[in-house]
Every structure is written in C-alpha cells, then in structure tokens.
Number of protein chains: 2
Amino acid sequence: MARRPTIADVAKLAGVSRATVSFVLNNRPGVAADTQERVRSAAEELGWTPSSSARALSTGRVRAVGLVLAREPELIGTDPFFPAFMAGIETVISESGDGLMLQMSRPENEVETYRRLAADHRVDGVFLTDLRAGDPRPALVAELGLPAVAVGVPDSGAGLPSVSLDDRPAVRAAVHHLAGLGHRDIAYVAGPEEFVHARRRRQAWSDALTEAGLPEGTLLPGGFTAEGGARATRLLLQRPTPPTAIVYGNDLSATAGMAVAQDAGLRLPEDLSVVGFDDVPLASYTSPPLTTCRANPVSWGRASAQALVELIETGTTADVELEPAALVVRGSTGPAPVR
Amino acid sequence: MARRPTIADVAKLAGVSRATVSFVLNNRPGVAADTQERVRSAAEELGWTPSSSARALSTGRVRAVGLVLAREPELIGTDPFFPAFMAGIETVISESGDGLMLQMSRPENEVETYRRLAADHRVDGVFLTDLRAGDPRPALVAELGLPAVAVGVPDSGAGLPSVSLDDRPAVRAAVHHLAGLGHRDIAYVAGPEEFVHARRRRQAWSDALTEAGLPEGTLLPGGFTAEGGARATRLLLQRPTPPTAIVYGNDLSATAGMAVAQDAGLRLPEDLSVVGFDDVPLASYTSPPLTTCRANPVSWGRASAQALVELIETGTTADVELEPAALVVRGSTGPAPVR
DNA sequence: ACCGGCGTTTAAACCGGTTTGAATGAACGC
DNA sequence: GCGTTCATTCAAACCGGTTTAAACGCCGGT
C-alpha cells in the first residue's frame, strides 16, 4: 500500500518547489495562474491533502475546538440541549474544516480535564457550558491562556466573552399565563441550584409571582431528573393545600411529574396545570401535550462557535445575546380549579 | 506572556540532550536513574507537556478516534444511545490520553465526512454506528486504510471487526411475555428499516410471534420518533379490531403511543399493553411505567473503544459479543382484555 | 550596455517532537 | 597495557507542512 503523498510529491510532479505548493494551497497571491493550475492538478492526481498534524505544528493552530461535558453520566443522556448545541457548533466549524474534540469528565475532574486539553494543545479554544456560581473555569482558562467563550451566562468573570440566551422571559411568561388562568398557588420544581441557569430560571419564577401580585410559591428541588421531578411532585401533592400549578426546571422532570399526578388520580389540566422547560421532541406527544418553554440550542451552538472562532482568530469577540426563550402553550395548562 | 516550554528548554535545564528527555518521557530503558530524575524535575519545574501536534507528526499517530453521527439533526437529540455510548468510549480512551473527535453530518454527506477525516489524518480510527443494509462505509474505510470497528452488527463485510449486542432476545422475551399474558394480536411499530438494528428488532418480533404460535401481527413504521409513534398508534387503534398489545422500536415512539392511546380513552395496561426499547430515564416515570428492553450502551462504548484501540495498535482485534439486551417488565403490560 | 523594478519562484530555516547510529567512558578480561 | 563489552548519552536526520529572505528572469527606460 502506497503511503500517503506529501507536499514534496506534489511539488515534484508539478515541477515546482514545496513552497510554491504551499502558496497555492493557501491561495496566497503571487503565484502565476498557470503554475497554480499545474499544482492543483498535480495535487488532484495524487489525491493529496495536507497533513493536519504537520500543519498544526508549523502554524501553531490545531484547528479544533473543545467541548467538555462535565455532568454525571446519568444526566448527560437526558438532556436534549447538548446534541442540538453540538450540531450547531458543527455547522460552523465544519465550514472551515475544523473539528470538535469532545471530552466527558466527571464533574470532579473537570478542572483537570481543561488543564490537559490546554497543556497538550489539542484544541485552539473551548466552550464553557453549565457554568456554576463561583465557577473556577473562567479564571482557569485565563491563566492557561486558552481562548474560551462562556455559554449561557453573561458576566461570568475574567473578561470572558459570552453567548447567552435569556431563559427568564419564557418562565415569566409561563407564570403570567398561569396567573391569567386564575392560578394563585404556583409551585416550582427547580434544577440543581449550583448551575447558574437553573438558579436564574427559578429566580424568574419567583420574580414573576411578585410581578403578578401573587403570594410566594413553594420551591422544591427536582435535579433536572425524572426521579427528582416525580419525588418533588409527590411532596407537593401531599401538602394540605397542594398547588394548582407546577412549573418545572425542565421537561424531563415535568413529564415525570405529570405521571405522578395522573397516578394520584388528578386530571390534567383540570385539576393541575404543568409547565416544563426545553420543549423536547416528546413534549408535543405527552397526554396532555406539555406546555413548555423553548430556546434554540442549535442557533446557540452556532453563535457560540462563531464567537469562539473569531476569538481564536482575532483575539477578541463581542458578547452575543440571542433571542430569549419563549413560552409554548399546549394542553397541560388550563384554568385553575375552583375550590 | 512566556511561550510554552519545549523539549529543548527541558533538555537545557536538565543538562542533557533532547533525545534523552524524549527517552525519559516515554520511559524507554537505558537512561540512568539519576538522569531520569533530573529530567523529570526539570519538566515539572517548567510545567512542560509534549506538544501533541509535534508528537503526532513524528509518530504518525494523532491519538484520537473519530465518531461520526450521521443522523438527521432532529433525531440526534432524541436518542439516549449516543451520549451513553460516548461516555463509554471516553472512559477507555482518556486513560491513554487520547481524544474523541466528533463529527456530525447530514446522512447524505456521511461518506464525504469519513473521507475528510481520513484525508486530513485527524483520527487514528473510527467507529461505524447505525449501519445500514448495503452500507458503503465498510468498503470505504477499507479503501482508505482507516482502522474501524463496526458497532452493533456482526458481519458487516470487508472483514471489519465488530462489537455487537444482540437486541433480539429482549424483543423475543417481550413477545413471549405478552403471549403469556394472553395477547394474540401483537403489533409492531418499527424504526427506519434502513438501519440494520431496526430491521433486526422487527424481525425478532416477527420470529417470536411464530415461535409462540401466534398469527402474524400488524407492522407499521414509526421512524423512532415521537410523531411516528403517535401516528402509527392512531392507525392501529382505528382498525376494526385493534391489537391488544403494541411493541415499539424505541421508548420515544412508545411513550408517544401511550399518550395517543390514553387520549383515545384506553386504560393502560387494561385495554392495551405497550412495550418500548431503550429504557430511557423517563421510562420508569411514565404513567404507567413503561415495560421496555434494556441494553447497556456505556459498556458498549467501552468495548468498542477497547477494540478500536487494539486495532490501531496491533492491527487486529477480535469480534466482541456483548451481553444481549433484556426485557424490563413494568406497568405498561398486563393481561389481555377479554373481548 | 546597464540599471531598477516587478512578478515569480525557491532554498533554507523553522515548528517540537522521535529515532537511529555513533560516540563516550567506565568496567572488565587477558 | 590494551582490546572488548556494556551502559549511557548525544548529534543529526526525520516527520510534513509554513514562512522568510533572497534569487531569478524579464521588462522598459536611459
């Protein structure tokens, strides 16, 4: 089996120097048109493509970006955000032939993972997702000199550019939607409070209650999981006066919550209204269909990738604020029951 | 800002040649113990880590494996298989410091994507998932000389090593379970027939009916989607004599199907039994909890990665057959209704 | 005939590792 | 005292690109 051709083979075949081949390849000006033609057809004939390692070595750019998923393994599969987000990233970086390096790590090894990614110089930059309060990563990437963009949270510190999408309008809209339906006792089943986005959604619920002139609602943790959503719902329904509506941190916990309520003999939405967050593909196909909040993770990924690429190439990039999440009303919300 | 140290800096500080540093780094024999010590502490002091590009260039190994996801973007987020599978891969490759290059592509660009991955030499090997009947990829990777393992299907052709997991026992068990409950009309809502695994599951259903001495059942496409599952279910329920049990190609379509049945006023499992496939996290938290089939995608990823790494390093690897999928009985299946 | 300038091309250095073949020096046997 | 052997170390070539600075050929102008 013939080894892959190198730039020298192409140069020889085209009767030029390696430098000229390189110039043509990177379409630098100053190469005669007919020479370009000869080089191109020689490359074509040999089926030559530059070796990415060699190129990386001399340019100092590896043409890859990194995404670290530092969630508990069980959680990763349940979140529709990441696949869609990654698909968005791909549409951008594959245009320029760049690659996406994925690293999964246990949350406790997260910092170590970034360090290694930077030390080995396997990526030109990284995305920082799932930012937490007091997250060490912004300082870390600054220390490492690793280009990075914060996904989802403005002002993450360390002067990190961010690409964010505001969850809150959708959550507030949900609360106002429920208030308009006559609900006065609206509970919230929250995601893990260490995530900035989980906390922000919860805060939006709380703020909206105040805006709507409603009393404070019950807050329970749901962990963004099915199990957590189910447990929280059970607790809520056991209360002397259960809420008439529950807003969940995501669709997974909402769906599990719906099942618990239905098992308890409640009819949805007549006896209880439910709102989720994410608009997973299943959401339109539950019974009743789930009222939820929809963001656009694909465009989020796209915008994040554009920002990161620009940051890598030019050294700076502007913060981006995407269109906020919006409420999608379906059948799981209805008029509050009369007591 | 100081540029990253190179092997030459370490050599200078330790008072040895670059070659010696390299030997120590790769713990090759023949370096005096005290020299090793000096080199190591010099490296430590400078915080030096070898540049992966430079190393890749001289060794010809880039220390990364590739995974191409060639599904429709909408489908990717709905499948719990991939995140878990990737997590399994990670546990293996991160041990040796290797990376996972992820490429997403539209199904129609799939071949092109593999070609580029190989041409740029960005990965040392790839996983072939979602194999289809007459899939061009086994021949392609053979032509490209790209190490690859087939995931999920033995005998994919071109002498490709495979890591497979038999879906069929679980599906057969499901049918026998239903038959034991008195069901005689068991329908199947299938995934896209072009996928070998989808077709194989469907075949298992069909075979099991025969084994159980039951008449042929109705087969409808469900596309592995919520929408497809819902539509197929509606069609089944409209029939003059609807089936008393439905087996679905995956949990997503099963869950959507359950919702349709419940909307139609059926009680589950009294009026209709439902079986899914995958055992997604939500499956235990639907109402009723979903009887389904469980594989182990994490160990699948692990085994696939081990096989691929061995293939890359030694040139060959044995086929692996994992523990087959198993039936998980929950509340969505029950005795057949008396007509 | 000579010079300056321009467009085109190239030799050679460089990126940061690995690897080979030879040099070094100490220990050993005769 | 001298040739061997062995363990250790190193200089230099190599991987396959990019980039800089210089060389080249050719033109028109004087």
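In what follows, chains are A, B, ... by sequence order, proteins preceding strands, each numbered from 1.
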Where do A:Leu311 and A:Pro161 come nearest, in terms of heavy atoms and distance?
CD2-CG, 4.0 Å
Do you know the tightest heavy-atom contact between A:Ser304 and A:Phe85?
OG-CE1, 3.6 Å
How do B:Asp34 and B:Thr59 order along DNA chain D: which one's closest nucleotide is nearer the 5' end?
B:Asp34
Short N-O contact, B:Glu90 and A:Arg106, less than 4.0 angstrom:
no
SB check A:Arg38 A:Glu45 (cutoff 4.0 Å)
no
Name the pairs: protein N/O against N/O of nucleotides 24-28 of chain D, kept only if under 3.5 Å.
none

Send over the distance from [X] [atom1] to [N] [atom2], rounded to a whole Å.
{"X": "B:Ile7", "N": "D:dA11", "atom1": "CD1", "atom2": "P", "value": "13 Å"}
{"X": "B:Leu57", "N": "D:dT18", "atom1": "CG", "atom2": "P", "value": "12 Å"}
{"X": "A:Arg63", "N": "D:dT18", "atom1": "CZ", "atom2": "P", "value": "11 Å"}

Given A:Met101, which partner from the list A:Val126, A:Val123, A:Val65, A:Leu67 fulfils the side-chain contact (heavy atoms from CB on, under 4.5 Å) test?
A:Val123
I'd like to check the side-chain hydrogen bond (donor to acceptor under 3.5 Å, both in side chains) partners of A:Arg55; sequence neighbours left out, ordered by chain and number.
A:Asn26
Looking across every strand, which nucleic acid part, if any, lies under 4.0 Å from B:Arg28 by heavy atom: base, sugar-phosphate, or nothing?
sugar-phosphate
Classify the nucleic acid contact of B:Ser53 as base, sugar-phosphate or nothing, counting any heavy atom under 4.0 Å across all strands shown.
nothing
Distance (rounded to the nearest 0.5 Å) between [X] [atom1] and [Y] [atom2]:
{"X": "A:Arg122", "Y": "B:Ser51", "atom1": "CZ", "atom2": "OG", "result": "10.5 Å"}
{"X": "B:Leu25", "Y": "B:Ile7", "atom1": "CG", "atom2": "CD1", "result": "7.0 Å"}
{"X": "B:Glu110", "Y": "B:Leu69", "atom1": "CD", "atom2": "CG", "result": "10.0 Å"}

I'd like to know whether CD of B:Glu108 has more than 12 heavy-atom contacts from other residues, nucleotides or ligands below 6.0 angstrom.
yes
In terms of heavy-atom contacts, does CD of A:Glu44 have more than 12 from other residues, nucleotides or ligands at under 6.0 Å?
no
For a quick test of your reading: what N or O donor-acceptor pairs under 3.5 Å do the side chains of residues 314-321 of chain B make, sequence neighbours left out?
{"from": "B:Thr314", "atom 1": "OG1", "to": "B:Glu310", "atom 2": "O", "distance (Å)": "2.8"}
{"from": "B:Thr314", "atom 1": "OG1", "to": "B:Thr316", "atom 2": "N", "distance (Å)": "3.3"}
{"from": "B:Thr314", "atom 1": "OG1", "to": "B:Thr316", "atom 2": "O", "distance (Å)": "2.8"}
{"from": "B:Thr317", "atom 1": "OG1", "to": "B:Glu310", "atom 2": "OE1", "distance (Å)": "3.4"}
{"from": "B:Asp319", "atom 1": "OD1", "to": "B:Ser162", "atom 2": "N", "distance (Å)": "3.1"}
{"from": "B:Glu321", "atom 1": "OE1", "to": "B:Ser164", "atom 2": "OG", "distance (Å)": "3.0"}

On DNA chain C, nearest-nucleotide positions of A:Thr35 versus A:Ala54: which is more 5'?
A:Thr35
Give, ordered by number, those residues of residues 15-24 of chain B having at least one heavy-atom distance below 4.0 Å to an atom of DNA chain D; if nothing qualifies, reply none.
B:Gly15, B:Val16, B:Ser17, B:Arg18, B:Ala19, B:Thr20, B:Phe23
Quick one: do B:Asp120 and A:Arg63 satisfy salt bridge (charged side-chain N to carboxylate O under 4.0 Å, His left out)? Show the steps, please.
CA-CA 11 Å; B:Asp120 299 351; A:Arg63 310 225 60 125; over 6 Å; no
Give the first and the last nucleotide of DNA chain C, reading 5' to 3', that has any atom under 4.0 Å from a heavy atom of chain A.
C:dT8 to C:dG16
What bend angle does the helix from C:dA1-D:dT30 to C:dC30-D:dG1 show across its length, from five-pair end axes and to the nearest 10 degrees?
70°
